[in-house]
Amino acid sequence: MSKRKQQQIKEDLIVNLVPMVDIMFLLLLFFMLGADMSQREAAELVLPTASEIKENEKVKSDEPTTTVNIQHVDPPGGKCPINATAGYCREVDHWAVVIRGREIPRETLREQIKNEADASLEPDVDPLAGVRLSARKLIIRADRAAPYGDVNKIIEYAGTAGIYKIEVGAAVPPKG
Amino acid sequence: MAGSSGIGDEGGENPVNINVTPLVDIIFCLCVFFMVSFKFKQLEGKFDSWLPKGKGAVGSVQVDSLLDEVRVAMYWDEANNRTIRQLGNRRIESDEELAQLIKEGHDAWVRMNKPDTPVTIDAEARVPWNEVIVVMNLCKKNRIDKIEFALGAPPPAGL
């Protein structure tokens, strides 16, 4: 084969990249829109499942809301063997209360919830309670294995701080 | 990404030849980044559990109203790593049986003209949260909306 003919064949084998670029742009758009880059109030934890929950509605932007997460934290320098095997870890120190990504020490939890409550008090005194209650909604998202005592403490602190709108988070069970 | 294919060099008539290879490289990188960080969201929902406005968290327990409730006691059995559920003195194993007994208990109060009688979940502090949610779910299934939380007394001897 002559050199010229070889060059001719080489020039004919041109890969058209345009459809590939189109598809990749579409994929990129899909993943970009699907990715949640915002700083999330909800921590990553395994919620208990419940079939009777109402699915999340869009939270009104003007409604003051605080999400309290109760999640398992591994001890320094190792993994908790019970939690790693999906068991129920009952070590008090292995459970943390997290608000907006920040772990709240147990000693200051009551104070923190009180501050949250006071930040959005209702304008008028409630006739039943005789005080100004908080308009803030408290969403409790506790891990499925979290001790009930921790959830109960948060409800107690919220009640004494004047927060009465409380919701507890759960996951929709997988279909089938 | 290898190759030097471009847009506009087909036929060799177009003098403007755009090399798309760097573009493809960058899009590939972005695609990989978003694919790796992508996570399907778990569908979440909530149970409303608003506190009574006039009571706060402590509540006002009256002696005569102490018995006006359906009380589900829950204890944590450390040795067997499981939760023990009790309604009255009866231990209940299955969810179906518990749902049935809660319904019967609540219906009895409804017949006595006390439809607002709550179901009180009286769980020990060590009980796993998902066990409490199971009982709440059973109440909601039976259309009982008034659920109260109590922090249980210490477990009976032997647990």
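Throughout, protein chains are lettered first and strands after them, A, B, ... in sequence-line order, and every chain is numbered starting at 1.
To the nearest 0.5 Å, atoms OH (A:Tyr148) and CD1 (B:Ile121) are separated by 7.0 Å. Note: A:Ile53 CD1 to B:Met136 CE = 10.5 Å, rounded to the nearest 0.5 Å. Remark: A:Leu29 CG to B:Cys31 SG distance equals 9.5 Å, nearest 0.5 Å. With rounding to the nearest 0.5 Å, the separation of CZ in B:Phe47 from CD in A:Glu167 is 11.5 Å.
Annotation: cation-pi geometry satisfied between A:Arg90 and B:Trp76 (NZ/CZ under 6.0 angstrom from ring centroid, within 45° of ring axis).
In this structure, B:Glu131 has no salt bridge (Lys or Arg N to Asp or Glu O under 4.0 Å) partners at least two apart in sequence or on a different chain.
Your options are A:Val131, A:Val151, A:Asp143, and the one with the most heavy-atom pairs under 4.5 Å with chain B is A:Val151. Counting heavy-atom pairs closer than 4.5 Å to chain B, the top-ranked of the candidates A:Gly87, A:Ala142, A:Ala145 is A:Ala142.
When every heavy atom of B:Ile133 is checked against every heavy atom of A:Thr49, the shortest pair comes out as CG2-O, 3.9 Å.
You'll find the side chain of A:Glu52 stays beyond 4.5 Å of the side chain of B:Cys139, heavy atoms only.
If you measure heavy-atom distances from B:Leu138 to chain A, you find no contacts under 4.5 Å at all.
In summary, the side chains of A:Tyr88 and B:Asn130 do present a donor paired with an acceptor at a separation below 3.5 Å, with no hydrogens or angles considered.
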